[in-house]
Q: 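Here it is, the structure in full.
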Amino acid sequence: MRFALVDCNNFFVSCERVFNPKLIGKPVVVLSSNDACVIARSNEAKALGIAMGAPAFECEQIFKKHNVIVYSSNFALYGDMSARVMQVLSQYATDIEIYSVDEAFLFLPKQQNYTQYIQYIRKQVKQKTGIPVSIGIGLTKTLAKVANKFAKKSADGVFDLTAFENNDQFLEQIEIQDVWGIGYRYAKLLKSKKIFNAKNFKYMDERWVRKNMTINGLRTLQELNGISCISLNNAPATKKSITVSRSFGKNVTNINELKEAVSTYANIACEKLRAQKSIASNISIFVCFRNYQDNDRYYKFLNYTLPIASNYTPDFIKAATGCVEKIFRQGIIYKKAGIIINDLIPHDFIQMHTSHALADIEKQNKISNIFDKINKKWGRDSVSYASAGIDKLWKVKRLKKSDCYTTSWSEILTIRI
DNA sequence: TCTGGGGTCCTAGGACCC
DNA sequence: TCTGGGGTCCTAGGACCC
């Protein structure tokens, strides 16, 4: 059994480069929403010392000095490119888990020569999508992750950890906080026990790990020892909660703008809810704000339960704007708001005892279907709710976004000969 | 001035039941 | 002062991932 981990190199930057080859060889970064901080860097940008997550305003100097090309994030483009990469990968695996927008675990079919096989997959992805990937192979998902780190550094972008009888020499090079499943907190704890790398951890006492790092820590330890405990999760993810939140593009002090924002987020969240055929009755809204008198940050949170589980946008808009009325305080500068929908259940669980309302629910479903169809065909917000606002002056800034080359007819790439 | 957005899982402890 | 034994469910908080 072989697990492979495929990781797209500098994914967001690579997506931009596919449609703008002039960017190749130059330092390029992509910023988070609101153009706030750096979330993707080309190798050239990394070499300049630009850190992941660095605030954009702090990098201004470096950007200018080295002619760094800066993009706002274009998630429609990245999402579509991701789907293309995954589609190609699935042709060469017996099973695939799409782990994130730029990563996938594969079960590989039995091979004589695994290195050759993953080199071939890599070539296919590059040829069919333009995206460069790195591929690592291991006996477990955790080891495939380790292998991928070496693949990233290797000249041909692939690495097979199972080609070695003993992999300790490689595990020794992986710092403890870089092991999949061990984050900042556990790394700190482990270092205090003189555990500095993956090899040290591999030989730790299982009882101690179970006691201090929960069952998850124990799984990680066993996976490093080649015992597969974390299986491939290929089920289409049915989410258990949906969050939509954004920072504002300007200071928001007015209740109507805050209501517009949460209405907009409720609209997006309900689209997602319906897309996965779920309903829910529990909604929370939160706002982040700043009191200009003491220059402190705050976070306010309010939970609300709908009388009946639903996926009908107006139900959620009503609930969300109701929460805003309770939370809002005059004279406060709001920076960000969001809505979280919890306790999702399949939509056919709709309570039968509410039979008197079934006719209403059917009517609502029809309206939702039409909404979703129109927006799918013509783009998000082609039809929307008035409460979500028209001008949306509070919307996030994305000043340097590239076009949606693959998902919008009006922005398709034009070539002049 | 300006620091993202979206998820999952595990555990301890409290509330409550007989 | 002493104060059973066994169980379930829920929640907050903490850990992790990209």
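Just so we're on the same page: letters track the sequence lines, and every chain starts at 1. Since the structure is predicted, the reported quantities are computational estimates derived from the model, not experimental observations.
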Q: What contact category does A/V396 fall into here, base, sugar-phosphate, or nothing, at under 4.0 angstrom with non-hydrogen atoms?
A: nothing
Q: Using a heavy-atom cut-off of under 4.0 Å over every strand shown, decide if A/S241 touches base, sugar-phosphate, or nothing.
A: sugar-phosphate
Q: Using Watson-Crick and G-U wobble pairs whose two distances are both under 3.5 Å, how do you write the pairing of DNA chain C as dot-bracket, with | for links to another strand?
A: ....||||||||||||||
Q: Mark yes or no for whether A/R2, through its side chain, and A/G138, through its backbone, hold a donor-acceptor pair below 3.5 Å.
A: no
Q: Find which nucleotide of DNA chain B each of A/P55 and A/K272 is nearest to by heavy atoms, and output the residue with the more 5' nucleotide.
A: A/P55
Q: Between B/dG4, C/dC16, B/dG6, which one does the side chain of A/V244 approach most closely?
A: B/dG6
Q: Surrounding CD of A/Q169 (heavy atoms of other residues, nucleotides or ligands, distance under 6.0 Å), is the total greater than 12?
A: yes
Q: Rounding to an integer number of Å, can you tell me how far A/E97 CD sits from B/dT8 P?
A: 13 Å
Q: Measure the spacing between CD of A/E223 and NZ of A/K202 and express it to the nearest 0.5 Å.
A: 13.0 Å
Q: Using a strict cut-off of less than 4.0 Å between a Lys/Arg side-chain nitrogen and an Asp/Glu carboxylate oxygen, indicate whether A/E44 and A/R17 qualify as a salt bridge.
A: yes
Q: Under 4.0 Å between any heavy atoms, over every strand shown, what does A/D102 touch: base, sugar-phosphate, or nothing? Just pick one.
A: sugar-phosphate
Q: If you look at every strand shown and take non-hydrogen atoms under 4.0 Å, does A/V38 touch a base, only sugar-phosphate, or nothing?
A: nothing
Q: Which whole-number value in Å describes the distance from A/N148 CG to C/dC17 P?
A: 15 Å
Q: Rounded to the Å, how far apart are A/E103 CD and B/dT8 C1'?
A: 15 Å
Q: With P as the reference atom in both, quote the distance from B/dT3 to C/dC18 in angstrom, rounded to an integer.
A: 25 Å
Q: Just by modelled atom types, is the A/S134 backbone N or O under 3.5 Å from a matching donor or acceptor in the A/N148 side chain?
A: yes
Q: How many whole angstroms separate atom CD1 of A/I50 from atom P of B/dT3?
A: 19 Å
Q: Return yes when atom CZ of A/F164 has more than 12 non-hydrogen atoms of other residues, nucleotides or ligands closer than 6.0 Å, and no otherwise.
A: yes
Q: With nearest nucleotides of DNA chain B determined for A/T243 and A/R210 from heavy-atom distances, which residue corresponds to the more 5′ nucleotide?
A: A/T243
Q: Is there a side-chain polar atom (N or O) of A/S32 under 4.0 Å from OP1 or OP2 of B/dG5?
A: no
Q: Could you state the atom-to-atom distance from CD1 of A/I182 to C1' of C/dG14 in whole Å?
A: 16 Å
Q: Scan A/R219 against the nucleic acid and name what it touches under 4.0 Å (heavy atoms): base, sugar-phosphate only, or nothing.
A: sugar-phosphate
Q: To the nearest angstrom, how far is A/E60 atom CD from B/dT1 atom C1'?
A: 12 Å
Q: Given atom NZ of A/K336 and atom P of B/dG5, what is their separation to the nearest angstrom?
A: 5 Å
Q: Closest approach to the side chain of A/K239, judged atom by atom: which nucleotide of C/dC16, B/dG7, C/dC18 is it?
A: B/dG7
Q: Just compare B/dG5, B/dC10, B/dC2 and give me whichever is closest to any side-chain atom of A/S245.
A: B/dG5
Q: More than 12 heavy atoms of other residues, nucleotides or ligands under 6.0 Å from NZ of A/K401: yes or no?
A: yes
Q: Just by distance, with hydrogens left out, do A/N167 and A/K199 show a side-chain donor and acceptor under 3.5 Å apart?
A: no
Q: Write down the distance between OH (A/Y99) and P (C/dC18), rounded to a whole number of angstrom.
A: 5 Å
Q: Of all the nucleotides listed (C/dC16, B/dC9, B/dT3), which has the minimum atom distance to the side chain of A/N216?
A: B/dC9
Q: Identify which nucleotide among B/dT3, B/dG7, B/dC10 has an atom closest to any side-chain atom of A/E58, counting heavy atoms from C-beta outward.
A: B/dT3
Q: Could you check whether A/K211 gets within reach of a base, just the sugar-phosphate, or nothing at all, counting any heavy atom under 4.0 Å?
A: nothing
Q: Using a cut-off of strictly less than 4.0 Å, decide whether A/K145 has a side-chain nitrogen or oxygen near OP1 or OP2 of C/dC18.
A: yes
Q: If you count the non-hydrogen atoms of other residues, nucleotides and ligands that lie under 6.0 Å from NZ in A/K392, is the total more than 12?
A: yes
Q: B/dG5, OP1 or OP2 - any side-chain N/O from A/S247 closer than 4.0 Å?
A: yes
Q: If you check every side-chain atom of A/I215, which of C/dC16, B/dT11, B/dG6 has the closest atom?
A: B/dT11
